[in-house]
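One structure is given here, and the rest of the page talks about it.
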2 protein chains.
Amino acid sequence: MFRIDGMSRTPVYEQIIEQVEKLVSLGIMKAGDQLPSVRSLSIELSVNPNTIQKAYSELDSKGIAKSVPGKGCFIAESAEDVLKNAGRKKLTTLRELVKELALSGVTKEEIEKAVEDGLSIPVEN
Amino acid sequence: MFRIDGMSRTPVYEQIIEQVEKLVSLGIMKAGDQLPSVRSLSIELSVNPNTIQKAYSELDSKGIAKSVPGKGCFIAESAEDVLKNAGRKKLTTLRELVKELALSGVTKEEIEKAVEDGLSIPVEN
DNA sequence: TAACTGTACTAACACGCATAGTACAGTTGT
DNA sequence: ACAACTGTACTATGCGTGTTAGTACAGTTA
C-alpha cells in the first residue's frame with residue numbers, strides 16, 4: 001500500500017504523509033478507514049516505528065488522520081476538506097511556477113500544453 | 001542585490017543560486033556581468049565565504065557562471081541557454097503540480113485562472 | 001608591493017532524520 | 001483474566017548536510 005524511495009531527499013515520514021494524502025484525494029481511502037498499525041507498517045517498509053509514528057502524529061495535527069490509543073489510526077472526517085483547502089493554497093505555487101517558467105523563456109503555448117496534459121491525464125501510479 | 005531568508009528550509013547557497021538564475025532570466029544580469037566577490041557578498045549577507053563559494057562553484061558547474069581566479073565570477077555566455085533548457089524540464093513539474101491540484105479537488109477553472117495570472121502578471125520582486 | 005580576486009583544505013558545530021531499545025496505557029478477542 | 005494487539009513517550013545514538021571558522025595559496029590589477 002505504501003512505497004518508500006530511499007534515494008529521495010524528502011524524509012521518509014513526509015513520503016508517508018504525502019501518500020496518505022494521495023490515497024484520500026484519490027478516494028481510495030475515506031473517513032473512518034484504518035491505516036496500517038505503526039508496527040506493521042514499520043516492518044513492511046523496513047523503517048523504524050518512530051518514523052511511522054512521526055508521520056501519523058503529523059497527519060493527526062493536520063486533521064487528516066485521527067489516532068486512537070489502543071485502536072489504531074484512522075482517516076479523519078475532516079480529511080477531505082483539509083486537503084481541498086490545502087490544494088487551494090497550492091494555487092499560489094502554481095502561479096509562481098508559471099511565472100518562473102515564463103521568465104526563463106518557455107513559451108505560453110508550451111506552458112498551456114503542459115497544463116492541459118496535467119488536467120487530461122486521468123490517473124496512474 | 002541579494003536577500004537571504006534565514007527561516008527558509010532551502011539552504012543559503014541554493015537561495016543564492018536561485019536568485020542569480022532569476023536575475024539572468026529577468027535580463028537584469030547578462031553574460032559577462034560580474035557577480036559580487038565571494039568575500040564582499042559573504043559580508044553583505046552575513047554568511048560564511050565558504051557558503052558563497054559553494055553557490056558560485058555550483059553555478060559554474062551548471063554553466064551559468066564562470067569563475068576566474070584573481071578576477072571574479074561572471075555570468076557565462078551559456079547562461080541563457082542553460083536556463084531556457086532547465087525551464088523546459090520544469091514543464092514536467094508543472095504537469096505534476098496540475099495533476100496533484102486536480103486530484104485534491106481544485107476545479108479546472110481555478111487552475112486555469114491561476115495559470116493565466118502567472119502568465120499575465122508582468123514582473124515584480 | 002599592496003589589495004584585491006577565486007580556490008583548497010581541515011576542524012568543529014548545529015540541526016534534522018532515522019535507528020534502537022524500553023516502557024506504559026488503552027482496546028480487543030479468547 | 002489473559003494474551004495480543006493498538007498508540008504513545010522517552011532516552012540515547014549515529015549519520016548526513018549545511019554552515020561556520022580559520023588558514024593558506026595562487027592569479028590579477030593598480
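Here is how names work: the chains are called A, B, and so on, in the same order as the sequence lines, proteins then strands, and each is numbered from 1. Computed from heavy atoms alone, side chains included, the values below leave out hydrogens, waters and symmetry copies.
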(message) Whole angstroms only, please: what is the CE-P distance between B/Met7 and C/dC15?
(response) 12 Å
(message) Does any part of the side chain of B/Lys30, heavy atoms only, come nearer than 4.5 Å to the side chain of B/Val24, both counted from C-beta?
(response) no
(request) Examine D/dT20: is either OP1 or OP2 under 4.0 Å from a nitrogen or oxygen in the side chain of B/Thr51? Give yes or no. (result) yes
(request) Rounded to the nearest angstrom, tell me the gap between atom CD1 in A/Ile17 and atom C1' in C/dA18. (result) 15 Å
(request) Could you tell me whether the side chain of B/Glu21 reaches within less than 4.5 Å of the side chain of B/Ile17, counting heavy atoms only? (result) yes
(request) Indicate yes or no: at least one non-hydrogen side-chain atom of A/Pro36 is less than 4.5 angstrom from one of A/Tyr56. (result) yes
(message) Could you tell me how far apart A/Ile52 (CD1) and D/dT6 (C1') are, to the nearest whole angstrom?
(response) 15 Å
(message) Given D/dT19, C/dG6, C/dT19, identify the nucleotide with an atom nearest to the side chain of B/Ser37.
(response) C/dG6
(request) Please report, rounded to the nearest Å, how far the C1' atom of C/dC9 is from the CD atom of B/Gln53. (result) 10 Å
(request) Please check the phosphate of D/dG18 (OP1 and OP2 only) for any side-chain N or O of B/Lys54 closer than 4.0 Å. (result) yes
(request) Using whole Å, report how far CG of B/Leu45 lies from C1' of D/dT19. (result) 14 Å
(request) Using atom CD of A/Glu14 as one end and atom P of C/dA18 as the other, report the distance to the nearest whole Å. (result) 8 Å
(message) Restricting to non-hydrogen atoms, name the atom on B/Ala79 and the atom on B/Ile64 that form the minimum distance, rounded to 0.1 Å.
(response) CB-O, 3.5 Å
(message) Rounding to an integer number of Å, can you tell me how far A/Tyr56 OH sits from D/dA9 P?
(response) 16 Å
(message) Among D/dG7, C/dT7, D/dT20, which nucleotide has an atom closest to any side-chain atom of B/Pro69?
(response) C/dT7
(request) Indicate whether OP1 or OP2 belonging to D/dT19 is found under 4.0 Å from a side-chain N or O atom of B/Tyr13. (result) no
(message) Taking 4.0 Å as the cut-off, does a side-chain nitrogen or oxygen of A/Ser67 come that near to OP1 or OP2 on D/dT6?
(response) no
(message) Measure CZ/A/Arg39 against P/C/dA25 and give the value in whole Å, please.
(response) 15 Å
(request) Return the 5'-most residue of the pair A/Asn50, B/Gln34 with respect to DNA chain C, ranking by each residue's nearest nucleotide. (result) B/Gln34
(message) Please confirm whether the shortest side-chain N or O distance from B/Lys71 to OP1 or OP2 of C/dC4 is below 4.0 Å.
(response) no
(request) List the atom of A/Glu44, the atom of A/Met1, and the distance in Å for their closest heavy-atom pair. (result) OE2-N, 3.7 Å
